[in-house]
Peer 1: 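Provided herewith is a single structure, encoded as structure tokens, for subsequent inquiry.
What's counted below: heavy atoms across the whole structure, side chains too, no hydrogens, waters or symmetry copies. This one's a predicted model, so the numbers in the text were calculated from it and none came from an experiment.
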Amino acid sequence: MMTSNSGRRILIALDVHSANEAELSTLISIARRLDASLAGLYIEDSQLMSVAGLPFSTEINYLSAEERLLEPEELLRINKIASARARQLLEQLTSREKLSWTFTVESGELAALALAHQGCDVFFPGRGRSRFNRSYDSISARQQLTLIYHNAEAFDRMLEVTRQLSVNGMVSDITIVSETPLPAEIAERLPVQGVRLHFQLVRSTGPEALPLLKLPRGSVVLMARAALTGMTARQLSELPDQLPYPLMLVE
């Protein structure tokens with residue numbers, strides 16, 4: 001495995017729903033352009049395992065509406081298959097791009113455990129079952145980046161990432177989302193030829209507002225990790241299920 005020269009590390013928060021090849025391929029492409037290493041973190045849902053251990057627990061298939069007993073052994077089997085598939089997929093993609101990577105499996109809640117890892121950016125894939133992801137662009141397409149304005153310091157770090165990706169030809173459009181009008185000089189800080197720049201004023205830029213954003217296909221959202229600091233445990237546990245777009249939290 002090759003070693004990252006930049007020191008940047010991106011943690012990929014994965015569970016049984018989110019090992020999506022198209023989105024992982026996009027992240028691999030981002031990591032290569034940032035000269036970053038990758039850390040795959042697969043989370044087995046401890047809450048679901050606890051519920052499955054209760055007598056007569058059932059699950060309902062959201063497509064067929066079929067009801068069946070929720071068995072802990074079956075959940076373990078499904079997680080084992082899903083984590084093995086995620087590891088294999090990450091290994092294949094990073095090997096192709098010669099990127100350094102690690103992979104671990106933990107038990108708990110996805111967002112809370114991912115954010116407990118310090119010193120790294122965190123990437124949450126958009127949910128594969130979301131209607132938005134059926135039109136998700138492949139790795140060969142140039143991406144739409146959306147930057148959520150939180151504060152000047154965090155935004156500077158997101159602009160650095162955006163400039164690197166833009167100069168490397170990965171970005172076609174950049175949308176900056178803010179609760180207030182932004183200084184005009186921000187546009188001057190992204191002087192990349194051929195990249196279109198858009199601004200979007202919204203009522204809230206908090207994490208709870210992410211599902212409400214109307215973004216183009218192929219969008220990847222960049223937000224400061226610090227923006228999630230005030231979220232409750234319940235809000236954190238619900239966040240991954242609400243993401244229609246891939247989210248990268250910049251350290």
Peer 1: Tell me every residue that passes side-chain hydrogen bond (donor to acceptor under 3.5 Å, both in side chains) with Thr175, counting only those two or more places apart in sequence or in another chain.
Peer 2: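 For Thr175, no residue satisfies side-chain hydrogen bond (donor to acceptor under 3.5 Å, both in side chains) once neighbours in sequence are set aside.
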Peer 1: Indicate, with yes or no, if Val221 and Leu212 share a hydrophobic cluster defined by side-chain heavy-atom contacts under 4.5 Å among Ile, Leu, Val, Met, Phe, Trp and Tyr.
Peer 2: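 Unlinked, Leu212 and Val221 end up in two clusters.
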Peer 1: I would like to know whether Leu222 and Thr162 meet side chain to side chain contact (heavy atoms under 4.5 Å, CB included); could you show each step before the answer?
Peer 2: CA-CA 9 Å; Leu222 268 61; Thr162 302; 4.0 Å; yes
Peer 1: Quick one: side chain to side chain contact (heavy atoms under 4.5 Å, CB included) partners of Gln118, sequence neighbours excluded?
Peer 2: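 Here the qualifying residues are Arg225.
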Peer 1: Report the C-alpha separation of Ile12 and Tyr42 in whole Å, then their side-chain angles, then the decisive distance to 0.1 Å, and conclude whether the side chain to side chain contact (heavy atoms under 4.5 Å, CB included) test is met.
Peer 2: CA-CA 8 Å; Ile12 317 165; Tyr42 183 92; over 6 Å; no
Peer 1: Stepwise, does the side chain to side chain contact (heavy atoms under 4.5 Å, CB included) test hold for Met170 with Thr26?
Peer 2: CA-CA 10 Å; Met170 188 175 178; Thr26 296; 4.0 Å; yes
Peer 1: Is the shortest heavy-atom distance from the side chain of Leu90 to the side chain of Ile28 under 4.5 Å?
Peer 2: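 Heavy-atom side-chain distance check passes, below 4.5 Å.
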Peer 1: Between Thr146 and Val177, which heavy-atom pair has the shortest distance, and what is it?
Peer 2: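 Result for this residue pair: CG2-CG2, 3.6 Å.
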Peer 1: Are Val105 and Leu41 side-chain neighbours, meaning at least one heavy-atom pair lies under 4.5 Å?
Peer 2: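 Heavy-atom side-chain distance check fails, nothing below 4.5 Å.
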Peer 1: Determine whether a donor-acceptor pair (N or O, by modelled atom type, separation under 3.5 Å) exists between the side chain of Ser29 and the backbone of Ser25.
Peer 2: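 A pair under 3.5 Å: no.
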Peer 1: Report yes or no: does Ser95 contribute a side-chain atom to a donor-acceptor pair with the main-chain N or O of Gln92 at less than 3.5 Å?
Peer 2: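 Checking the backbone N and O of Gln92 against the side chain of Ser95, no donor-acceptor pair under 3.5 Å is found.
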Peer 1: Within a strict 4.5 Å, meaning less than it, do heavy atoms of the Leu213 and Ile148 side chains meet?
Peer 2: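 In short, these two side chains touch, coming nearer than 4.5 Å.
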Peer 1: Treating Ser178 as the side-chain partner and Pro181 as the backbone partner, does any N or O pair qualify as donor plus acceptor under 3.5 Å?
Peer 2: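 Here the side-chain-to-backbone pair does not exist.
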Peer 1: Return the minimal non-hydrogen interatomic distance between Ile43 and Asn79, and the atom names on each side.
Peer 2: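 Heavy atoms of Ile43 and Asn79 come nearest at O-OD1, 4.4 Å.
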Peer 1: Restricting to salt bridge (charged side-chain N to carboxylate O under 4.0 Å, His left out), what partner residues turn up for Arg33, sequence neighbours left out?
Peer 2: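 Residues passing salt bridge (charged side-chain N to carboxylate O under 4.0 Å, His left out) with Arg33: none at all.
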Peer 1: Identify, with sequence neighbours excluded, every residue that meets side chain to side chain contact (heavy atoms under 4.5 Å, CB included) alongside Ala31.
Peer 2: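 Applying side chain to side chain contact (heavy atoms under 4.5 Å, CB included) to Ala31 gives Ile10, Ala36, Leu38, Leu99.
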Peer 1: I need the Met158 CE to Met248 CE distance, nearest 0.5 Å.
Peer 2: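 Going from the CE atom of Met158 to the CE atom of Met248 covers 11.0 Å.
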Peer 1: Is any side-chain heavy atom of Phe124 less than 4.5 Å from a side-chain heavy atom of Leu249?
Peer 2: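 Result yes, sub-4.5 Å side-chain heavy-atom pair found.
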Peer 1: Taking only residues at least two apart or on different chains, which pairs with a member in residues 224-244 satisfy ring-ring contact (aromatic ring centres under 6.0 Å, His included)?
Peer 2: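 Output for this query is empty, none listed.
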Peer 1: Find out whether Ser172 and Gln144 are in side-chain contact, i.e. whether some heavy atom of one side chain is under 4.5 Å from a heavy atom of the other.
Peer 2: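 Yes, close enough: below the 4.5 Å cut-off.
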Peer 1: Ignoring hydrogens, what is the shortest heavy-atom contact between Phe123 and Pro246? Give both atom names and the distance.
Peer 2: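 Taking Phe123 first and Pro246 second, the nearest heavy atoms are CZ-CB, 3.7 Å.
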Peer 1: I need the full list of salt bridge (charged side-chain N to carboxylate O under 4.0 Å, His left out) pairs touching residues 144-162, with sequence neighbours left out, sorted by first then second residue.
Peer 2: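 Residue pairs with at least one partner in residues 144-162: Glu153-Arg157, Asp156-Arg189.
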Peer 1: List in chain and number order the residues that pass side-chain hydrogen bond (donor to acceptor under 3.5 Å, both in side chains) with Arg87, two or more places apart in sequence or in another chain; answer none if no residue qualifies.
Peer 2: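 Not a single residue meets the side-chain hydrogen bond (donor to acceptor under 3.5 Å, both in side chains) criterion with Arg87.
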Peer 1: Can you list the residues that meet the side-chain hydrogen bond (donor to acceptor under 3.5 Å, both in side chains) rule with Glu238, with sequence neighbours excluded?
Peer 2: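 So Glu238 forms a side-chain hydrogen bond (donor to acceptor under 3.5 Å, both in side chains) with Arg234.
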Peer 1: Which residue pairs pass the ring-ring contact (aromatic ring centres under 6.0 Å, His included) test when at least one of the two sits in residues 152-175, sequence neighbours left out?
Peer 2: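 Found Tyr149-Phe155.
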Peer 1: Short question: side chain of Glu179, backbone of Thr205 - any donor-acceptor pair under 3.5 Å?
Peer 2: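 Such a contact is found between Glu179 side chain and Thr205 backbone.
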Peer 1: Check whether any side-chain heavy atom of Asp173 sits under 4.5 Å from a side-chain heavy atom of Val195, and report yes or no.
Peer 2: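 Sidechains of Val195 and Asp173: no contact.
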Peer 1: Which pair of heavy atoms, one from Glu91 and one from Thr94, lies closest together, and at what distance?
Peer 2: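 Minimum heavy-atom separation between Glu91 and Thr94: O-OG1, 3.2 Å.
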Peer 1: Below 4.0 angstrom, N of the basic side chain to O of the carboxylate: do Arg8 and Asp121 qualify?
Peer 2: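 A salt bridge links Arg8 with Asp121.
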Peer 1: Please report the closest heavy-atom contact between Phe103 and Leu14, naming both atoms and the distance.
Peer 2: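 For Phe103 and Leu14, the tightest heavy-atom pair comes out as CE1-CD1, 4.4 Å.
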Peer 1: Check whether Gln242 reaches the backbone of Leu239 with its side chain - one donor and one acceptor, N or O, closer than 3.5 Å.
Peer 2: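 Checking the backbone N and O of Leu239 against the side chain of Gln242, no donor-acceptor pair under 3.5 Å is found.
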Peer 1: If you look at every heavy atom in Glu109 and Ala233, which pair is closest and at what distance?
Peer 2: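 For Glu109 and Ala233, the tightest heavy-atom pair comes out as OE1-O, 4.3 Å.
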Peer 1: Could I get the full list of side chain to side chain contact (heavy atoms under 4.5 Å, CB included) partners for Leu197, not counting sequence neighbours?
Peer 2: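 Side chain to side chain contact (heavy atoms under 4.5 Å, CB included) check on Leu197 returns Ile174, Ile176, Ala187, Leu190, Phe199.
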Peer 1: Quick one: list whatever passes side chain to side chain contact (heavy atoms under 4.5 Å, CB included) with Ala209, sequence neighbours left out.
Peer 2: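 Per chain and number, Ala209 pairs via side chain to side chain contact (heavy atoms under 4.5 Å, CB included) with Ser204.
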Peer 1: Hey, could you give me the CG/CG distance between Asn168 and Leu34, rounded to the nearest 0.5 Å?
Peer 2: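 Reported value, rounded in 0.5 Å steps: 8.0 Å.
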Peer 1: OG/Ser166 to CD/Gln143 distance, rounded to the nearest 0.5 angstrom?
Peer 2: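 One finds 11.5 Å between OG of Ser166 and CD of Gln143.
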Peer 1: What is the distance from atom CZ of Arg203 to atom CG of Leu201, rounded to the nearest 0.5 Å?
Peer 2: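 If I round to the nearest 0.5 Å, the distance is 12.5 Å.
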Peer 1: Given the rule in the side chain to side chain contact (heavy atoms under 4.5 Å, CB included) test, do Met223 and Leu228 qualify, once you have shown the distances and angles that lead to the verdict?
Peer 2: CA-CA 9 Å; Met223 176 181 272; Leu228 274 63; 3.7 Å; yes
Peer 1: Does Leu215 offer a backbone N or O that forms a donor-acceptor pair with the side chain of Ser219 under 3.5 Å?
Peer 2: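 Absent.
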Peer 1: Please enumerate all residues that pass side-chain hydrogen bond (donor to acceptor under 3.5 Å, both in side chains) together with Glu106, with sequence neighbours excluded.
Peer 2: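 Scan of Glu106 (side-chain hydrogen bond (donor to acceptor under 3.5 Å, both in side chains), adjacent residues dropped) gives His117.
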